[in-house]
Number of protein chains: 2
Amino acid sequence: MAVEYEFPRPALATDCVVFGFDGSELNVLLVKRGIEPYINVYALPGGFVRIDETVDECARRELYEETGVKDVYMEQLYTFGDINRDPRGRVVSVAYYALVRSTDYFPHGGTDASQAGWFKINELPPLAFDHKTILETAKQRIQNQIRYRPIGFELLDQKFTMTQLQTLYEAVLERKFDRRNFSSKILKTGVLDILDEKVQNVAYRAPRLMSFNRERYLQLTQEGFNFEI
Amino acid sequence: MAVEYEFPRPALATDCVVFGFDGSELNVLLVKRGIEPYINVYALPGGFVRIDETVDECARRELYEETGVKDVYMEQLYTFGDINRDPRGRVVSVAYYALVRSTDYFPHGGTDASQAGWFKINELPPLAFDHKTILETAKQRIQNQIRYRPIGFELLDQKFTMTQLQTLYEAVLERKFDRRNFSSKILKTGVLDILDEKVQNVAYRAPRLMSFNRERYLQLTQEGFNFEI
DNA sequence: ATTCTTTGCGTTTTTGATACGCAAAGTTAG
DNA sequence: CTAACTTTGCGTATCAAAAACGCAAAGAAT
């Protein structure tokens, strides 16, 4: 397996910031490292790029291998290329972020066996390498993206209430919206289908469910429509 | 100089999309390749990352070595990691974009000796590798950035007229603005100093010159101000 | 002196953002 | 069963910004 090159090369890795939403707060998926360096310290899921896979494929593979998360929304974030970001030597890392329905994967708090778990975005443990920096970059990116593109729906169940959607936006953007203005603004875009279905077993008045209409969204964007909250 | 690794590694390179403005159109700086593959085909300036430099440093160094451009505004764009993007083998490239005052460097059209030259963004020659994709990504990025951050000033002389600034915005965003609304909107932000100086030797009424006040911009952004055109 | 183009400063109109009123739905408490 | 209470759903009023446009002064060209 050993290989020889004419000139030294940095190693190339990927790391992934996985965001989840538990209904009230934004969470991040972290794995506890089992080997040195930073043994027993939490880190972003990630690993080295293989020679026969694209960088995107590497990010998906590592995420699946380390956390079981697959088939999720994923986007490249930024490449971190400082010289001393990894004590093992020169490692350049292409960072990604992913959005998942957190209830699909782990119970909140994580199973200790898997060494992976959800952490509230504002209550993070110490992190290995420069992963704190990566995470802050990812948080800024998702705050930007959610205002201009309908990525928020990746974090919710297919059917959701308007209040759930608003709570998500408030958690990501860390600010409050007026309930009535938020609702009419979102509905005005026309990308939501209002379903003939209401939430069951709920205190007080039951809200109706809605779903994101992806076809309608794509159609509208092609016509020069701009999703902006 | 030869080195051995336990596992094969992709080579890591940088490429840079250099934007310039000639007063009426947006231009891109390209270099003609002198070696195979793609000999005599135009490409973005770039090259391989050395083991003792950061990825950012590599982008600046390669840009200077191949075009003489240095000390300019530069930002990371995206990392291109497909398997077959380079016929020499596995090469992952971190792309950057830079903004320069194009008159500072080459006469428009380029000097043939240097094998580097400016091309209008909408009249590009065939490009090597996946550089067309990189360039399109860069164009989208600059169109986004110029609306929210005052990067346009990097493309103009220190002193400029309001019409020059508007022409730049129209060239980048490929749309027209109303002269009076554009002017008042920019002036209202407060980041421009109006100088006691007018353009000389000009037909018809001479416009006043202005300059970007970076200190004022930084002060305003710290106070939670948002530059948006 | 007159014509002509650009500049500079304004107003009007339209659109969108924000604030908030209120009644109906539907559960909980007495 | 009735009253109280919370959430929902739909509406309007107010305010701020965007877009459209009017007009005269500057100043070179004729």
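Each chain gets a letter, A, B and so on, in the order its sequence line appears, and its residues count up from 1. A quick note: this is a predicted structure, and the numbers were derived from the prediction, not measured.
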Nucleotide [N], atom [atom2] - distance to [atom1] of [X] in whole Å:
X      : N      : atom1 : atom2 : result
A:K188 : C:dT15 : NZ    : P     : 13 Å
A:I186 : C:dA17 : CD1   : P     : 12 Å
A:L187 : D:dG11 : CG    : C1'   : 14 Å
B:M162 : C:dT7  : CE    : C1'   : 11 Å
B:F182 : C:dT7  : CZ    : C1'   : 15 Å
B:F177 : D:dC21 : CZ    : P     : 17 Å
A:L192 : D:dG9  : CG    : P     : 13 Å
B:L165 : C:dG8  : CG    : P     : 13 Å

Non-neighbouring partners of B:F129 that pass ring-ring contact (aromatic ring centres under 6.0 Å, His included), sequence neighbours left out
B:Y38, B:H131

May I ask you to verify if any side-chain N or O of B:K198 is less than 4.0 angstrom from the OP1 or OP2 atom of C:dT7?
no

Tabulate protein N/O versus nucleotide N/O from nucleotides 19-23 of chain C, keeping only pairs under 3.5 Å, one per line.
unit_1	atom_1	unit_2	atom_2	d
C:dA19	N7	A:N181	OD1	3.3
C:dA19	N7	A:N181	ND2	2.8
C:dA19	N6	A:N181	OD1	3.1
C:dC20	N4	A:D178	OD2	3.4
C:dC20	N4	A:R180	NE	3.4
C:dG21	N7	A:R180	NH1	2.7
C:dG21	O6	A:R180	NE	3.4
C:dG21	O6	A:R180	NH1	2.8

Is it true that [Y] and [X] share a donor-acceptor pair across their side chains at a distance under 3.5 Å?
X      : Y      : result
B:Y217 : B:E215 : no
A:D22  : A:S102 : no
B:E136 : B:Q140 : no

Name the one of B:V172, B:N122, B:N144 that satisfies side chain to side chain contact (heavy atoms under 4.5 Å, CB included) with B:K139?
B:N122

For B:L155, which of B:N27, B:L99, B:V100, B:L165 qualifies under side chain to side chain contact (heavy atoms under 4.5 Å, CB included)?
B:L99

Look up atom CG in A:L63 and atom CG in A:D71, then write down how far apart they are to the nearest 0.5 Å.
10.5 Å

Inspect the contact between A:K159 and A:E197 and indicate whether a charged nitrogen and a carboxylate oxygen are less than 4.0 angstrom apart.
yes

Just to be sure I understand the rule, does B:T163 reach a base, reach only the sugar-phosphate, or reach nothing, if contact means heavy atoms closer than 4.0 Å?
sugar-phosphate

Both A:S184 and B:K185 contact DNA chain D. Taking the nearest nucleotide for each, which residue is further toward the 5' end?
A:S184

Given A:T79, which partner from the list B:T79, B:T14, B:D56 fulfils the side-chain hydrogen bond (donor to acceptor under 3.5 Å, both in side chains) test?
B:T79

Quick check on contacts: within residues 219-229 of chain A, what sits under 4.0 Å from DNA chain C by heavy-atom distance?
none

Earlier contact from the 5' end, DNA chain C, for A:R175 and A:Y204:
A:R175

For the side chain of A:P207, starting at C-beta, report the closest nucleotide among C:dG8, D:dA18, D:dG9.
D:dG9

